[in-house]
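Below is one structure; the comments refer to it alone.
All residue numbers refer to positions in the sequence shown, counting from 1.
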Amino acid sequence: MRKISQLAILALSAMMMVACAEKKEVPSPEREVEVEDPVTGIMSLRDINIEDTVTVEGRVYRYACTMHSVDSLPAVINPQGVQYRECSVNISVARGEENVFKKTFVKKDFAAYVPEDFMKSSTLVGVNYNHIKADDHSALYFIITLGDPDETSELSCSFELKVASNGSYTIKKAQNIETAPISTGLNVDPKEGDA
């Protein structure tokens, strides 16, 4: 009886190994940066949705950054001749139930900062919270990137959006950017820890 059980376990194990070996790895959708429309052949960038909290001047703010393709705008033809849908970026900031800031950005909002030919072949390609400013607890800082939508291209220009606690904002070309957290506890105001 014991030999039969061991043989059954070995046979079951062998069948499982064969089944696993035949199973094909499907790439995760998170890794795909671009999606082609099967009807038009126009490429779209994957949506970006980021939400988090941060402390500014001792008060907690919730922010949301989103980037989406916009079907109502004409397609962009990048330097490689590939058509892409335009993208827009929406950033909102709330303090409790109060909406402090909400704005949708499109590439024309950055026309004053880049050459006209660059504008024609680019779209908004990214948005994130600017964690390099984590030690500045006087405002919220975001990075919005305009560039060639081809993920292999390095043609891009990043902008820093500074949102004050009263909802006013400024835009300038970004110098030092870091969009990934450089340490934990970035949403804690150092003044709170000292009290």
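Side-chain atoms of T66 and V89, non-hydrogen and from C-beta on, never get closer than 4.5 Å to each other. The closest side-chain heavy-atom distance from M43 to Q83 is not below 4.5 Å. With a 4.5 Å cut-off on side-chain heavy atoms, Y141 and E160 count as touching. F105 is not listed as a side-chain neighbour of V127, based on a closest heavy-atom distance of 4.5 Å or more.
Taken from CG in N166 to CD in E57, the straight-line distance is 9.0 Å, to the nearest 0.5 Å. Once rounded to the nearest 0.5 Å, the distance linking CD1 of I144 with CG of N130 reads 11.0 Å. To the nearest 0.5 angstrom, E86 atom CD is 4.0 Å from T123 atom OG1.
Checked against salt bridge (charged side-chain N to carboxylate O under 4.0 Å, His left out), E98 has the following partners two or more places apart in sequence or in another chain: R95. By the ring-ring contact (aromatic ring centres under 6.0 Å, His included) test, Y63 is found to be paired with Y129, F142, residues two or more places apart in sequence or in another chain being considered. Evaluation of the salt bridge (charged side-chain N to carboxylate O under 4.0 Å, His left out) rule for E36 yields no partner, not counting sequence neighbours.
Closest approach of L155 to P79, counting heavy atoms only: CD1-CG, 4.1 Å. Closest approach of F159 to C157, counting heavy atoms only: CE1-O, 3.5 Å. Closest approach of C87 and M67 over heavy atoms only: CB-CG, 4.0 Å. Nearest heavy-atom pair, V125 versus L146, reported as atom, atom and distance to 0.1 Å: CG2-C, 4.3 Å. When all heavy atoms are compared, the tightest approach of I48 to G126 is CD1-CA, 4.0 Å. In plain terms, the two heavy atoms of S165 and Y61 that are nearest each other are CB-OH, 3.1 Å.
Residues V35 and I42 do not share a hydrophobic cluster, defined by chaining ILVMFWY side chains whose heavy atoms lie under 4.5 Å apart.
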Please determine whether salt bridge (Lys or Arg N to Asp or Glu O under 4.0 Å) holds for the pair E34 and R46, giving the CA-CA distance in whole Å, both sets of side-chain angles, and the decisive distance to 0.1 Å. CA-CA 6 Å; E34 305 168 346; R46 286 269 184 203; over 6 Å; no
Could you walk me through whether T145 and S158 pass the side chain to side chain donor-acceptor pair (under 3.5 Å) check? CA-CA 4 Å; T145 304; S158 294; 3.1 Å; yes
What donor-acceptor contacts under 3.5 angstrom involve side-chain atoms of residues 68-78, with partners at least two apart or in another chain?
from	atom 1	to	atom 2	distance (Å)
H68	ND1	D47	OD1	3.4
H68	ND1	D47	OD2	3.1
D71	OD1	R85	NE	3.1
N78	OD1	Q80	N	3.2
N78	OD1	G81	N	3.1
N78	OD1	V82	N	2.9
N78	ND2	Q80	OE1	2.5
N78	ND2	D148	OD1	3.0

Can I get a per-line list of side-chain donor-acceptor pairs under 3.5 Å for residues 109-120, giving both atom names and the distance, sequence neighbours left out?
from	atom 1	to	atom 2	distance (Å)
D109	OD2	V106	N	2.9
Y113	OH	I171	O	3.1

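Under a 4.5 Å side-chain heavy-atom criterion applied to ILVMFWY residues, the cluster that includes V39 comprises that residue alone.
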